[in-house]
Student: 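Quick one: structure below, then a few questions.
Note: hydrogens, waters and symmetry copies are ignored here, and every other heavy atom, side chains too, is used. Note that this is a predicted model, so its numbers are computed, not measured. Here is the naming used below: chain letters follow the sequence lines, and residue numbers restart at 1 for every chain.
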Protein chains: 2
Amino acid sequence: MSKCNQCIIKEFNSLKSLSKEELMGISGCKTSKFIKKGEIIFEEGETLKGVYCVKDGICKLTKLSANGKDQIVKLVVKGDLLGQRSLISDEAVNLSAVALTNMEVCFIPKAEIFGNLKNNSDFSMDMLKQMANDLKESDNVVVNMAQKSVKQRLAEALMYIHNSFGLDNQGYLNVVLSREDYASVVGTATESAIRVLSQFKKEGLISTSGKQIKIENMEGLKRIE
Amino acid sequence: MSKCNQCIIKEFNSLKSLSKEELMGISGCKTSKFIKKGEIIFEEGETLKGVYCVKDGICKLTKLSANGKDQIVKLVVKGDLLGQRSLISDEAVNLSAVALTNMEVCFIPKAEIFGNLKNNSDFSMDMLKQMANDLKESDNVVVNMAQKSVKQRLAEALMYIHNSFGLDNQGYLNVVLSREDYASVVGTATESAIRVLSQFKKEGLISTSGKQIKIENMEGLKRIE
DNA sequence: ATTTAGATATGATATTTGTCATGTTTTGAT
DNA sequence: ATCAAAACATGACAAATATCATATCTAAAT
């Protein structure tokens, strides 16, 4: 069993506030899991028995809307925790998590997290900060959804992925989404997302190679209205 | 100076997890403030020096979008705290707070809140729970904004206000919003909000008396597509 | 290599929503 | 009580977006 206190991943999330002893405790009860692209980590409505620490790979958090369409609420990468919100509220999960690439995650049981929240105020403060940040971002997304056009939202989604998830060695976005997923991120019909991406391509703002997308003119994307 | 441990309001928020001594500490440093309808409590970008506990009245939390329109992100009532998110993130506030009615609020300095977060794990756990709940609701709003029509969103806004803020003695919604505010809640043009409300009225789903709105057919509103 | 389901693309059209113009009503200040 | 400003209302039209149809491309399975 690999040791949490030697794991670099923890530096990217609240677990960094835990002591060596507390991390040893987690090492002792965590389990490691490999998840294939497309597989479901958990589904809306499930009751979670712990949180997942993402060691490698990328997944999407989605919510099924009343009209039957999935909406992507967030993209989660290496270093993020999954399921804390649900655990803290002591409710069924509000979102589904689906792997966009092959993933490696560590599962940490609920009791362990709660114990640390109770005894380590730095940890709970860090968790609070993380949650506060998620809330701010979610509020910002609400405003964008309500006030911006599909074109703007898609341009911003591309820039967000560019800035947050980086590029491969040929300059393509590291996160590869289907057109349907792009539609689901910006909240529009798949055909609309395809049309806008085609337009961006015509205008030289992006280029593509299969599913892969490369931003060619960041300033142009910023100027989209 | 009135005493926090005798104040019923605290039962509705995280302050209920504080001990009598901790509440006395807050009583000693809090200040009470009356705010008139339409006045700004704080504005996006400001740095807060504490949180506000809403003793009476209702306010809206808004965010200015790039196109210059205000978006109402949340309605806040008696019992809620204002400004915790910003305080915890140690950042400028993300949202503006504007009174929709005359209000009475208590201002509690930052240091007092942080001290209690550090020393009282029940308090920080409760704060975490509150934040987790806000996050869930915000995520749900994102999905609604992205996937539902203006008509649906407005119907839901009316039902939300009905269920969460109650009615006056004649059955009108307790929260009275201008048409512009309704537009800002659902993220649409003021004229569109007016049109939809007029249509609801024609269909007998609601009735109005000036700005006041009464839901006449809850089931009908639920069925809106 | 062939097949085939799924993804991407695009045209035609319908629907929704926004914008501008204009008139009416309500509200608040004097 | 009167007046001005703001809020409300509605028509006409424009723009954005969704839907439906259909064609092409791609990738995985045999």
Side-chain angles (χ1 to χ4, degrees), chain A residues 36-38 65-72 98 100-102 144-158 172 176-203 206-213 224-225, chain B residues 36-39 60 65-72 98 100-102 144-158 172 176-203 206-213 224-225:
Chain A
K36 284 198 193 118
K37 179 177 170 172
S65 81
N67 65 18
K69 274 192 198 168
D70 264 328
Q71 171 75 25
I72 295 183
V98 180
L100 289 172
T101 63
N102 289 337
N144 286 340
M145 284 291 177
Q147 308 274 359
K148 294 188 177 173
S149 69
V150 168
K151 236 186 283 182
Q152 279 178 301
R153 268 139 58 199
L154 193 39
E156 284 180 15
L158 291 170
Y172 288 101
V176 177
L177 296 180
S178 68
R179 302 296 193 255
E180 194 183 0
D181 278 339
Y182 273 110
S184 174
V185 167
V186 303
T188 189
T190 304
E191 296 95 323
S192 297
I194 290 173
R195 258 181 254 275
V196 174
L197 286 176
S198 296
Q199 195 195 333
F200 284 176
K201 217 158 78 174
K202 267 190 205 132
E203 293 170 352
I206 62 171
S207 63
T208 64
S209 163
K211 275 195 193 330
Q212 305 207 89
I213 294 179
I224 292 286
E225 299 225 342
Chain B
K36 285 200 193 114
K37 179 177 170 175
E39 279 183 3
K60 59 180 176 181
S65 79
N67 65 19
K69 274 192 196 167
D70 263 327
Q71 171 75 25
I72 296 184
V98 180
L100 289 172
T101 64
N102 289 337
N144 286 341
M145 284 290 176
Q147 308 274 358
K148 295 189 177 170
S149 69
V150 168
K151 237 187 281 182
Q152 279 179 300
R153 269 142 52 200
L154 193 40
E156 286 180 15
L158 291 170
Y172 288 101
V176 176
L177 297 180
S178 67
R179 302 297 192 254
E180 193 182 1
D181 277 339
Y182 274 109
S184 173
V185 167
V186 303
T188 189
T190 305
E191 295 95 322
S192 297
I194 289 173
R195 257 182 256 275
V196 173
L197 285 175
S198 297
Q199 194 195 333
F200 285 175
K201 218 159 79 175
K202 268 191 204 128
E203 292 170 352
I206 62 172
S207 63
T208 63
S209 163
K211 274 195 194 334
Q212 303 206 90
I213 294 180
I224 292 285
E225 300 223 343

Student: State, with a plain yes or no, whether a side-chain heavy atom of A:Leu100 is found less than 4.5 Å away from one of A:Asp181.
Tutor: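 Counting from C-beta outward, A:Leu100 and A:Asp181 do come under 4.5 Å.
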
Student: Measure from the side-chain heavy atoms of A:Ile194 and tell me the nearest of C:dT8, C:dT17, D:dA9.
Tutor: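 Closest nucleotide to the A:Ile194 side chain: C:dT8.
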
Student: Please report, rounded to the nearest Å, how far the P atom of D:dA15 is from the CG atom of B:Asn67.
Tutor: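 Computing the B:Asn67:CG to D:dA15:P distance gives 18 Å.
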
Student: For A:Leu197 and D:dT17, what is the distance between atoms CG and P respectively, to the nearest whole Å?
Tutor: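 So the two atoms are 14 Å apart, to the nearest Å.
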
Student: Could you state the CD-P distance from A:Glu180 to D:dT19, rounded to the nearest angstrom?
Tutor: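 Rounded to whole Å, this separation is 14 Å.
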
Student: Whole-Å distance between C:dT8 P and A:Leu154 CG?
Tutor: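 From A:Leu154 CG to C:dT8 P: 13 Å.
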
Student: Please give, in whole Å, the distance from D:dA7 C1' to B:Gln212 CD?
Tutor: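 Result: 15 Å.
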
Student: Taking only side-chain nitrogens and oxygens of B:Ser198, does any of them come within less than 4.0 Å of OP1 or OP2 of D:dT10?
Tutor: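 Indeed, a polar side-chain atom of B:Ser198 lies that close.
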
Student: Looking only at side chains, do A:Ser65 and B:Lys148 share a donor and an acceptor under 3.5 Å apart?
Tutor: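 Side chains of A:Ser65 and B:Lys148: no pair found under 3.5 Å.
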
Student: How many whole angstroms separate atom CD of B:Gln199 from atom C1' of D:dT10?
Tutor: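 Atom-to-atom, B:Gln199 to D:dT10, this comes out as 13 Å.
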
Student: Measure CD1/A:Ile224 against P/D:dA16 and give the value in whole Å, please.
Tutor: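 About 12 Å, once rounded to whole Å.
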
Student: Output yes when at least one side-chain N/O atom of B:Arg195 is less than 4.0 Å from OP1 or OP2 of D:dT10, else no.
Tutor: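 No, outside the criterion.
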
Student: A:Glu191 or A:Lys211: which one's nearest nucleotide on DNA chain C is closer to the 5' end?
Tutor: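 Looking at DNA chain C, the more 5' nearest nucleotide goes with A:Lys211.
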
Student: Does B:Lys69 place a side-chain N or O at less than 4.0 Å from the phosphate oxygens OP1/OP2 of C:dT19?
Tutor: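 Yes, such a contact exists.
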
Student: At under 4.0 Å, does any side-chain N or O of A:Thr188 touch on OP1 or OP2 of D:dA18?
Tutor: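 Checking D:dA18 against A:Thr188, a side-chain N or O does come within under 4.0 Å of OP1 or OP2.
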
Student: When we call it a touch if two heavy atoms are under 4.0 Å apart, what does A:Lys201 touch: a base, just sugar-phosphate, or nothing?
Tutor: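 Sugar-phosphate contact only.
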
Student: Would you indicate which nucleotide in C:dA9, C:dG18, D:dT17 comes nearest to any side-chain atom of A:Arg179?
Tutor: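 Side chain of A:Arg179 sits closest to C:dA9.
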
Student: Flag the pair B:Glu191 and B:Arg179 as a salt bridge only when some basic side-chain nitrogen lies within less than 4.0 angstrom of an acidic carboxylate oxygen.
Tutor: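 Not counted as a salt bridge, because no side-chain N and carboxylate O are separated by less than 4.0 Å.
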
Student: In terms of side-chain heavy atoms of A:Ser149, which of D:dT17, D:dC8, C:dT10 is nearest?
Tutor: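 Within the option list, the nearest is D:dT17.
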
Student: Would you say a side-chain N or O of A:Ser178 is under 4.0 Å from OP1 or OP2 of C:dA7?
Tutor: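 No, A:Ser178 has no side-chain N/O under 4.0 Å of OP1/OP2 on C:dA7.
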
Student: Let me know the distance between CD1 of B:Ile213 and P of C:dT26, rounded to the nearest Å.
Tutor: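 That distance rounds to 15 Å.
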
Student: Under 3.5 Å, is there a donor-acceptor pair between the B:Glu156 and B:Gln152 side chains?
Tutor: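 There is no such pair between these side chains.
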
Student: So, do A:Tyr182 and A:Leu158 sit near enough that their side-chain heavy atoms are less than 4.5 Å apart?
Tutor: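 Side-chain contact under 4.5 Å: yes.
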
